[in-house]
Amino acid sequence: MPLSKEQVIDLARHMDALGAQNIMVMDISVQTDWGSYVLIASFSSGRQGLGLLAEACSWLRAHEAEIKVSDQDPENFWFVCDAGDVIIHFFKEDMRDYYSLETLWKEVQIIYP
């Protein structure tokens with residue numbers, strides 16, 4: 001079952017409460033047919049990134065989303081959780097600037113913050 005806009009915003013707030021940084025959620029539904037929302041957030045250490053990934057996956061499972069998860073090596077600087085209509089990217093702070101995923105999406109609505 002696809003997540004609603006309100007549920008995705010709730011997930012972003014949950015990630016914020018857990019210490020995720022610079023959270024942004026974009027509604028990409030007008031530009032793609034493969035997803036509705038992208039959540040991007042930063043973390044400061046691999047351990048924090050893995051914790052955020054685990055919490056996001058747990059939250060999504062509790063909301064009956066089927067998920068696929070990237071490699072979970074704590075040395076990674078980028079973790080991805082694919083829940084179908086919601087894609088979550090957690091970046092180490094400096095790598096988020098380097099990859100700048102936010103710039104890939106033109107004319108999208110920012111729904112969080």
Side-chain angles (χ1 to χ4, degrees):
M1 173 188 308
L3 294 173
S4 69
K5 177 180 177 179
E6 291 76 21
Q7 287 175 311
V8 176
I9 291 169
D10 187 46
L11 172 59
R13 288 181 179 136
H14 182 60
M15 294 295 98
D16 188 37
L18 294 172
Q21 302 153 7
N22 293 327
I23 302 167
M24 174 187 280
V25 181
M26 298 174 284
D27 180 340
I28 61 166
S29 61
V30 297
Q31 289 192 348
T32 70
D33 59 0
W34 53 262
S36 298
Y37 303 101
V38 172
L39 185 155
I40 303 173
S42 302
F43 60 87
S44 55
S45 72
R47 187 175 180 121
Q48 182 192 26
L50 282 175
L52 292 169
L53 179 67
E55 286 292 332
C57 290
S58 177
W59 189 97
L60 289 162
R61 285 187 190 103
H63 289 81
E64 301 180 4
E66 293 184 32
I67 60 171
K68 297 175 189 158
V69 181
S70 67
D71 183 24
Q72 298 178 40
D73 181 341
E75 298 299 314
N76 285 351
F77 55 84
W78 185 355
F79 299 107
V80 179
C81 179
D82 180 346
D85 62 323
V86 179
I87 310 295
I88 302 170
H89 298 272
F90 292 114
F91 281 98
K92 198 162 187 183
E93 294 173 29
D94 56 339
M95 290 292 103
R96 181 172 176 177
D97 290 337
Y98 178 79
Y99 284 99
S100 191
L101 285 188
E102 297 91 334
T103 63
L104 294 176
W105 303 103
K106 308 288 185 214
E107 301 175 24
V108 296
Q109 180 184 11
I110 307 297
I111 63 169
Y112 187 92

Can you list the residues that meet the side-chain contact (heavy atoms from CB on, under 4.5 Å) rule with Tyr99, with sequence neighbours excluded?
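Testing Tyr99 for side-chain contact (heavy atoms from CB on, under 4.5 Å), a comparison that skips the adjacent residues, returns Phe77, Trp78, Phe91, Met95.
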For Lys68, what residues pass the side-chain contact (heavy atoms from CB on, under 4.5 Å) criterion, not counting sequence neighbours?
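For Lys68 the side-chain contact (heavy atoms from CB on, under 4.5 Å) partners, ignoring immediate neighbours, are Asp82.
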Of all residues at least two apart in sequence or in a different chain, which pass the side chain to side chain donor-acceptor pair (under 3.5 Å) check with Ser42?
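Checked Ser42 against side chain to side chain donor-acceptor pair (under 3.5 Å); matches are Arg96.
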Please name all residues satisfying side chain to side chain donor-acceptor pair (under 3.5 Å) with Ser70, sequence neighbours left out, ordered by chain then number.
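Expected list: none.
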Quick check against the 3.5 Å criterion: does Gln7 have a side-chain atom that pairs as donor or acceptor with the backbone of His63?
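Checked: no pair found.
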Hydrophobic cluster (4.5 angstrom, side-chain heavy atoms) - remaining members for Leu60:
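For the cluster that includes Leu60, the remaining residues are Leu3, Val8, Ile9, Leu11, Met15, Leu18, Ile23, Val25, Tyr37, Leu39, Phe43, Leu50, Leu52, Leu53, Trp59, Ile67, Val69, Phe79, Val86, Ile88, Phe90, Ile111, Tyr112.
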Assigning hydrophobic clusters by single linkage (Ile, Leu, Val, Met, Phe, Trp, Tyr; side-chain heavy-atom cutoff under 4.5 Å), is Val30 placed with Val38?
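Hydrophobic grouping puts Val30 apart from Val38.
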Give me the atom names and distance for the closest heavy-atom approach of Glu93 to Ser44.
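So the minimum-distance heavy-atom pair works out to OE2-CB, 3.4 Å.
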What pairs meet the side-chain hydrogen bond (donor to acceptor under 3.5 Å, both in side chains) rule with one or both residues in residues 14-29, with sequence neighbours excluded?
Asp27-Ser29
Rounded to the nearest 0.5 Å, how far does OG of Ser45 lie from NZ of Lys92?
7.0 Å
